[in-house]
Student: 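One structure, as structure tokens, below. Some questions next.
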Amino acid sequence: MAVARVPFIAGNWKMNLDHQQAIAFVQKLHWALKEAKHLDGTVEVGLFPPFTDLRTVQTLLDADKIPFALGAQDLSTKDSGAYTGEISGAFLKRLNCAYVIVGHSERREYHAETDEIVAAKVQAALRHGLVPVICVGETSEDLEKFGASAVPVGQLEVALEGVSADADIVVAYEPVWAIGSGQAATPDQAQEVCAKLREVIAGRLGQEAAERSRVLYGGSVKAGNIASFMREPDVDGALVGGASLVVDEFAAIIRFQKHVGV
Ligand code: PEP
């Protein structure tokens, strides 16, 4: 029997919004969605602020009973010790983070994160009860040389090594050339690659995991194109960068059901 997957709209703030700006942003977003009664569980909203905002956002979500999930943008492969500047998954869990992004292309590019480091971060997340949002995607050179799916499929194969069949994971297909460029992938391409990534999950973790795990598309998602992605059967939501920093735009993305007429 097919499992219904709750759509997940995740906002990756990257290095934007300090902890004070975060308060105003979360309150405004909550207000925009509360008014429209869009927080009834038909879509899960995740916020991924910078580390220094997490405690503030956690406190606000708790105090105002705001049903957004909290996530971090990265974590250490280690659990504790002499690793200056690193953040343990244990600390994130204590802040009620449910999710953590691993393997974002900006970490791979600017911090030389290899597939093996990403795999170690997936293990670190799972050790601490965090759901890793595993980012994979091809550069424009990869696209030209190998087509869209070969690189993301290979990245996910490595990231899922040693992951158990009952693990909770989210996968985000993010073509590197589409991130922050204003040029999103076509819905056809997103569907094709997301379907292949689901096959990788099936191969590594089994069919049940493939059916319940959410696979997101990310890369220049906006209010104007979210519906076209959400119509695709293997796209279960979006990882949103730039547009997640604009309250009205992000709220409109979260209200995508309106655009697809659900
Ligand atoms: C991202 O960085 O994960 C992302 C998808 O960014 P943008 O939405 O700005 O393309």
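Residues: numbered from 1 along the sequence shown. Just so you know, ligand 1 is whichever comes first in the structure, and atom 1 is the first atom listed for that ligand. This is a predicted model, so every value here is computed, not measured.
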Student: In chain order, what residues pass the salt bridge (charged side-chain N to carboxylate O under 4.0 Å, His left out) check against Asp142, with sequence neighbours excluded?
Tutor: none

Student: Donor-acceptor pair, His104 side chain versus Glu106 backbone, under 3.5 Å?
Tutor: yes

Student: Members other than Leu143 in its cluster, when Ile, Leu, Val, Met, Phe, Trp, Tyr link by side-chain heavy atoms under 4.5 Å?
Tutor: Trp177

Student: Ligand 1: which residues have a non-hydrogen atom closer than 4.0 Å?
Tutor: Asn12, Lys14, His104, Glu174, Ala178, Ile179, Gly180, Gly218, Gly219, Ser220, Leu239, Val240, Gly241, Gly242

Student: Check Ala165 against Leu205 and note the closest heavy-atom contact, atom names and distance.
Tutor: CB-O, 3.3 Å

Student: Once ring pair (Phe, Tyr, Trp, His ring centres under 6.0 Å) is applied, what residue pairs with a partner in residues 197-231 remain, sequence neighbours excluded?
Tutor: Tyr217-Phe229

Student: Between Arg204 and Glu157, is there a side-chain N and carboxylate O pair less than 4.0 Å apart?
Tutor: yes

